[in-house]
Amino acid sequence: MDGMDGSVPGPAPTRSRDRDRRHRARRTGIVLAAVLMVLALAAGGLAAQLYQGALRSNAGELSFRNRLRIPPLLDPAADSSGRKVYDLTAANGTAAFFPGTSTATWGVNGPYLGPTLRARSGEKVRVNVTNRLDEPTTLHWHGMHLPAAMDGGPHQPIAPGATWSPEWTTAQPAATLWYHAHPAGRTREQVYRGLAGLFLIDDPASARAGLPHRYGVDDIPLIVQDKTFTGDRQLDTGRTRFSPIGPLGDEILVNGTRDPYLPVTTRLVRLRLLNASAARTYDFGFTDDRPFFAVASDAGLLPAPYELRRLRLAPSERAEIVVAVPPGDEVVLRSHPTGLGGGSLPARFAGADDSFDILRLVAAPRLTGPAALPRHLPAPPAVTAPANAPRRVFTFNHASRINGRAYDPRRTDFSVAPGATEVWELRNGSDNPHVFHVHGVSFTVLRFDGSRPPPPQAGLKDSVLLPSGTTAVIAVRFGTHIDSRRPYMFHCHLLAHEDHGMMGQYTVADRPTG
């Protein structure tokens, strides 16, 4: 009979094998879970390490040992037609950012950055730009109202050894403008290496405004840039630290000066701030939280001095501020965390939590000049749009697209009527900030996330910061230089985004399209 000899019944081995398989599967599951947990912990630890390592600051670390360099004013010649003629040459150079070390750089009429050009509103100017580099470049007159053929965008490349000579009439109010390289796909690298400088416009009303006005004495240009240097103190043009907006440096240069101080000899000092960084936004204020006064934005004076303690500037934005430094006093201009939105992780990797000391102001024991600002300023009129003004919407949901399309030099996105005013709605639906800039025009910000902008942002502008998830509505007035073949550009002024295709183009034509 079955089982009489003591053998195990037939089904038992099958049950044993099933039990063994379940044990092995359970052990395998436990091992896999342990491995996944270790990997998760390791990944979490790496993520935490990267998150912490993305924080940058030099606050409290500088000695402010180097006197601030003031870019020289370039004296123009006058030709037979009465034009002011400026000669600029882009070339390689070396700069001493660190003691005893030479850093390879590019510059205009010098080793790094360029001279300041200055003209009065209504003057005819000509600029002879010679390229002594080993690759094509351009010089774009950022914020200038001029014909598209003279704009210096990617459509006006200057070949190595060649000279380009644009000319125009400076038909706009007093403003702090600038110039910089703008070749297609190479803007970030060329600006980062040093191809930039200031272009100041004066007019009779601003000259009578009662503001500090002596260049280099009480009227001080501040070209602020962040840099990363390699171990041998060369410019590192490729490091991004996982940044979604482009390279963010851990060193600050002001007018090409590292670790700078400014001697102050007057009761009031006017600082013309330019954010010439490739990607970093700054939130300027003083370390003792003293008040200062904003007197101008990108494209002209404000209606009155506005008291502030913080002023945020994105790449390409400018502002003029006036601050009082009492006799014998010292104070540091600092960039505080900027609060760019988009959540803690993308904000951290966009530099929103960083802080930097920019410049120490050192006042003399005895100061000269007035101690009070005028109550009103001769601001140019704001751009106002009629009720039937054409409207356009621009969306930014990708680091290389506007309205879902990347830049194509063969495509004109639309044309506008000469002298027209349009209303543009700028929607940033991405996790990253963007900075919208339009060539050839000034505009007024009408609404920001449904509210009127604060006074310092309500003046004439040509660039506007769009933090993550925000919407701005602007009124744009176009020029009258008709040219259906040569376009103006509009683009994100985070230079890596621009280089990757976040750019479009429009023309001014008799028959508007698009």
Side-chain angles (χ1 to χ4, degrees), residues 64-76 84 86 109-110 112-121 173-179 196-225 252-276 284 286 290-297 300-302 305 308 311 318-333 358-374 377-378:
F64 304 104
R65 69 181 68 187
N66 300 312
R67 182 170 181 144
L68 178 71
R69 174 184 175 271
I70 303 297
L73 283 170
L74 182 62
D75 290 328
K84 280 188 171 181
Y86 303 87
N109 290 16
Y112 185 75
L113 298 180
T116 297
L117 281 59
R118 194 161 201 167
R120 291 189 299 273
S121 182
T176 298
L177 311 180
W178 64 305
Y179 59 91
L198 288 172
F199 200 136
L200 307 183
I201 304 295
D202 301 312
D203 64 20
S206 68
R208 297 189 300 267
L211 294 171
H213 62 275
R214 291 176 295 167
Y215 183 85
V217 178
D218 58 2
D219 185 352
I220 310 296
L222 298 182
I223 304 173
V224 182
Q225 301 168 297
I252 299 295
L253 300 180
V254 185
N255 300 345
T257 309
R258 181 180 173 273
D259 207 3
Y261 76 92
L262 172 68
V264 174
T265 60
T266 56
R267 294 181 180 89
L268 297 177
V269 60
R270 179 183 187 176
L271 304 177
R272 296 180 185 251
L273 289 162
L274 160 63
N275 182 350
F284 293 107
F286 291 93
R290 73 179 58 191
F292 56 91
F293 294 87
V295 296
S297 55
L301 293 174
L302 300 173
L308 300 172
L311 176 64
R318 287 91 62 209
E320 299 176 28
I321 66 172
V322 177
V323 63
V325 186
D329 192 17
E330 297 184 6
V331 68
V332 173
L333 178 65
I358 306 297
L359 171 73
R360 174 177 283 170
L361 284 70
V362 181
R366 301 187 63 171
L367 304 176
T368 61
L373 283 170
L377 296 171

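The first residue of the sequence shown is numbered 1, and numbering continues consecutively from there. Because the structure is predicted, anything quoted here is derived from the model rather than measured.
Closest of all the heavy-atom pairs between Glu320 and Ala175 is OE2-C, 4.5 Å. Of all non-hydrogen atoms in Ser121 and Pro173, the two that sit nearest each other are OG-N, 4.5 Å. The heavy-atom pair separating Lys84 from Pro76 by the smallest distance is CD-CG, 3.8 Å. Closest approach of Tyr86 and Ala119 over heavy atoms only: OH-CB, 3.8 Å. Looking at every heavy atom in both residues, Tyr179 comes nearest to Pro115 through OH-O, 2.6 Å. Taking every heavy atom of both residues into account, Ala319 and Leu311 meet most closely at CB-CD2, 3.5 Å.
Taking CG of Leu262 as the start and CG of Leu222 as the end, the distance is 7.5 Å to the nearest 0.5 Å. For the atom pair OG1 (Thr116) and CD1 (Ile70), the distance works out to 9.0 Å, reported to the nearest 0.5 Å. The distance from atom CG of Leu359 to atom OG1 of Thr257, rounded to the nearest 0.5 Å, is 9.0 Å. Ile223 contributes atom CD1, which lies 11.0 Å from atom CG of Leu273 (distance to the nearest 0.5 angstrom). Atom CD1 in Ile358 sits 11.0 Å away from atom CZ in Phe286 (nearest 0.5 Å). If you take CD1 on Ile321 and CZ on Phe284, they are separated by 8.0 Å, rounding to the nearest 0.5 Å.
Applying the ring-ring contact (aromatic ring centres under 6.0 Å, His included) rule to Phe199 yields no partners; only residues at least two apart in sequence or on another chain are considered. For Tyr112, the side chain to side chain donor-acceptor pair (under 3.5 Å) partners at least two apart in sequence or on another chain are Gln225, Lys227. Looking at residues two or more places apart in sequence or on another chain, you find a side chain to side chain contact (heavy atoms under 4.5 Å, CB included) between Pro291 and Glu307, Arg309. Residues that satisfy the side chain to side chain contact (heavy atoms under 4.5 Å, CB included) test with Pro305, not counting sequence neighbours, are Phe293, Val295, Leu373, Leu377. Partners of Pro263 under the side chain to side chain contact (heavy atoms under 4.5 Å, CB included) rule, at least two apart in sequence or in another chain, are Arg67, Tyr261. Remark: Arg118 engages Leu73, Leu200, Asp202, Tyr215, Asp219, Arg272 in a side chain to side chain contact (heavy atoms under 4.5 Å, CB included) (not counting sequence neighbours). With sequence neighbours excluded, no residue forms a side chain to side chain donor-acceptor pair (under 3.5 Å) with Arg360. Remark: Ser206 engages Asp203 in a side chain to side chain donor-acceptor pair (under 3.5 Å) (not counting sequence neighbours).
Within the structure, salt bridge (Lys or Arg N to Asp or Glu O under 4.0 Å) pairs that include any residue of residues 252-265 comprise Arg65-Asp259, Glu251-Arg258 (at least two apart or interchain).
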For Val269 and Leu361, what are the C-alpha separation, side-chain angles and deciding distance, and is it a side chain to side chain contact (heavy atoms under 4.5 Å, CB included)?
CA-CA 10 Å; Val269 60; Leu361 284 70; 4.1 Å; yes
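Remark: side-chain polar atoms of Asp218 are not paired, donor with acceptor, to backbone N or O of Leu268 under 3.5 angstrom. Remark: side-chain polar atoms of Asn255 are not paired, donor with acceptor, to backbone N or O of Pro71 under 3.5 angstrom. When atom types are taken as modelled, the side chain of Arg318 and the backbone of Thr176 share a donor-acceptor pair closer than 3.5 angstrom.
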Which side-chain N or O atoms in residues 322-332 pair as donor and acceptor under 3.5 Å with protein atoms at least two apart or in another chain?
| from | atom 1 | to | atom 2 | distance (Å) |
| --- | --- | --- | --- | --- |
| Asp329 | OD2 | Arg290 | NH1 | 3.3 |
| Asp329 | OD2 | Arg290 | NH2 | 2.6 |

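Counting heavy-atom neighbours within 6.0 Å of Arg120 CZ, excluding the residue itself, gives a total of 12 or less.
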